[in-house]
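Worksheet: one structure, shown below.
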Amino acid sequence: MLIVQKFGGSSVANPDRIVNVAKRVALTRREGHRVVVVVSALGDTTDDLIELSRKVTRNPVEREMDMLMATGEQVSVALLAMAIQELGIPAISFTGAQVGIVTDSSHTRAKIKNISGQRISEQLKRGKVVVVAGFQGMTEDHEITTLGRGGSDLSAVALAVALKAQVCEIYTDVEGVYTTDPRIVPEARKLESVSYDEMLEMASLGAQVMQARSMEVAKKYSIPIHVRSSFSKQPGTIISKEVKSMEDVVVRGVSLAKEEAKVTICDVPDKPGLAAKIFTRISEANINVDTIVQNVSKTGTTDLSFTVGLPDLNKTLTVARKVAREVRAKGVTYDDKIAKVSVVGIGMRSHSGIAAKMFQALAKESINIEMISTSEIKISCVIGKNQAVRAVRALHKAFGLNRLGRKTQLALVR
Ligand code: ADP
Ligand code: ASP
Ligand code: MG
């Protein structure tokens with residue numbers, strides 16, 4: 001069997017943990033499987049590198065950020081390959097560029113265009129464990145790129161697809177995907193299985209355990225993902241295609257996104273085409289907008305609010321202020337002390353009353369809802385950041401997700 005195993009930063013945070021990872025890889029190899037390992041930078045290295053750049057400039061050129069951030073993973077692949085070799089197993093490390101992970105040129109959030117994989121296949125044929133740097137690729141012009149924060153998950157899934165691996169195992173510091181972040185709610189339960197769509201929503205809405213874009217690729221190619229702990233042998237969570245019984249659970253999980261900000265363009269003239277103009281400018285600056293709210297106009301103008309990722313706030317404000325002047329809006333305000341809580345589940349498609357139940361749970365905690373957005377399988381509310389943890393705990397409990405039997409859960413949500 002060909003297995004892709006990805007180890008996140010905390011799994012390789014220090015030399016002992018690197019040796020621990022090497023032992024796990026060796027075990028899989030000794031069982032006779034071919035193994036490709038994708039590894040992230042050691043511990044908080046990527047954060048530290050970003051911090052370092054801030055000491056030099058507040059507005060780093062994104063190409064140079066990629067040059068800087070990609071160094072993190074290069075350290076881990078070399079160390080891990082050495083540690084595996086030390087156990088008597090032939091191994092070789094590669095950067096993303098060396099194995100032909102070709103991306104577009106959107107630095108710091110590049111998209112993978114194709115993976116040649118030939119070099120990896122050659123080394124696998126020679127019986128080697130191949131260790132590939134996660135999070136990075138190369139443009140057709142040989143520029144180094146990175147795939148967005150948490151991007152090693154995407155490297156692993158994309159490699160698993162390109163190499164036609166049977167399974168992609170994501171090793172991390174928790175035992176799988178939980179009903180909510182187990183660090184926030186100790187009562188959170190490990191899920192045995194979760195559908196691609198649910199994981200995609202949970203990840204996009206803040207569940208860091210899997211990178212959202214990696215889920216799009218996994219779904220497109222139906223590659224099964226096994227999320228599990230690098231510190232225990234327990235089976236984790238299988239992310240797979242939806243099966244009928246998954247719909248029995250209405251709310252699969254609660255997600256929290258804290259790295260968000262709300263931007264409001266005030267008194268925008270209420271004319272056709274202005275929202276199109278504003279959001280075209282913002283998307284041209286490569287900024288992802290999330291929840292959008294426009295108030296009903298009584299005076300011929302309207303306030304337009306939307307949320308963006310906190311790291312994009314400065315860039316967004318620059319664009320928003322410029323376009324606000326052009327469309328003769330009054331000005332731009334922002335709030336960076338917001339958070340978004342969401343409930344997610346494919347069972348919502350066939351159940352009503354979930355939104356009401358969510359709002360009641362928040363009201364009971366006296367939490368004010370600033371914005372609401374919904375899709376077929378999720379409901380999100382923007383609230384004050386200082387109420388975020390309380391909101392997650394309340395929702396987790398209200399939807400019966402605390403450690404209880406499945407029957408009780410069903411009874412509670414109906
Ligand atoms: P890695 O370094 O292995 O990539 P991450 O830090 O990116 O690990 O992701 C794992 C973390 O995700 C966990 O430590 C946990 O705090 C957080 N997390 C958030 N939501 C969830 C969830 N629903 N299930 C499991 N973990 C979650
Ligand atoms: N090291 C990168 C990050 O911290 C990629 C990853 O860990 O997946 O975002
Ligand atoms: Mg991660």
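Note that ligands are numbered from 1 as they come in the structure, with each ligand's atoms numbered from 1 the same way. Remember, it's a predicted structure, so these values are computed and weren't measured experimentally.
- Ion pairing between R63 and E143 holds under the 4.0 Å rule for side-chain N and carboxylate O.
- Taking every non-hydrogen atom of S40 and a distance limit under 4.0 Å, the qualifying atoms of ligand 2 come out as 6 (C), 7 (O), 8 (O).
- For atom 4 (O) of ligand 1, the choice among Q208, K6, K190 with the nearest heavy atom turns out to be K6.
- R149 and D47 are joined by a salt bridge, as a carboxylate oxygen and a charged side-chain nitrogen come within less than 4.0 angstrom of each other.
- Residue-ligand proximity, Y178 to ligand 1, at heavy-atom distances under 4.0 Å covers atoms 22 (C), 23 (N), 24 (N), 25 (C).
- Short contacts between ligand 2 and R149, defined as distances under 4.0 Å to a heavy atom of the residue, involve ligand atoms 3 (C), 4 (O), 9 (O).
- Only the side chain of P182 comes within contact range of ligand 1, with a heavy atom under 4.0 Å; no backbone atom does.
- Near V177, with a cut-off below 4.0 Å to any heavy atom, the atoms of ligand 1 are 24 (N).
- A side-chain N or O of S106 and one of D104 form a donor-acceptor pair less than 3.5 Å apart.
- Contact annotation: for E73 versus ligand 2, heavy atoms closer than 4.0 Å belong to the side chain alone.
- Between G206 and ligand 1, not a single N/O pair is under 3.5 Å apart.
- For the ligand labelled ligand 2, residue G134 lies outside the 4.0 Å heavy-atom shell.
- Shown in contact with G150 at under 4.0 Å from a heavy atom are these atoms of ligand 2, numbered in order with element: 3 (C), 5 (C), 6 (C), 8 (O), 9 (O).
- Contact between S255 and ligand 1 is absent, with no heavy atom of the residue lying under 4.0 Å from the ligand.
- Looking at atom 8 (O) of ligand 1, its nearest protein heavy atom turns out to be T172 OG1, 3.1 Å.
- Taking every heavy atom of T46 and a limit of under 4.0 angstrom, the matching atoms of ligand 2 come to 1 (N), 2 (C), 3 (C), 4 (O).
- Counting heavy atoms under 4.0 Å from ligand 1, residue D153 does not touch it at all.
- Atom 21 (C) of ligand 1 has its closest protein heavy atom at D181 CA, 3.7 Å.
- The shortest N or O to N or O distance between D173 and ligand 1 is below 3.5 Å.
- Not a single heavy atom of G9 sits closer than 4.0 Å to an atom of ligand 2.
- Not a single heavy atom of M69 lies less than 4.0 angstrom from ligand 2.
- Taking a cut-off of under 4.0 Å to the non-hydrogen atoms of S10, the atoms of ligand 1 that pass are 2 (O).
- Proximity of S11 to ligand 1 is not established, as no heavy-atom distance is less than 4.0 Å.
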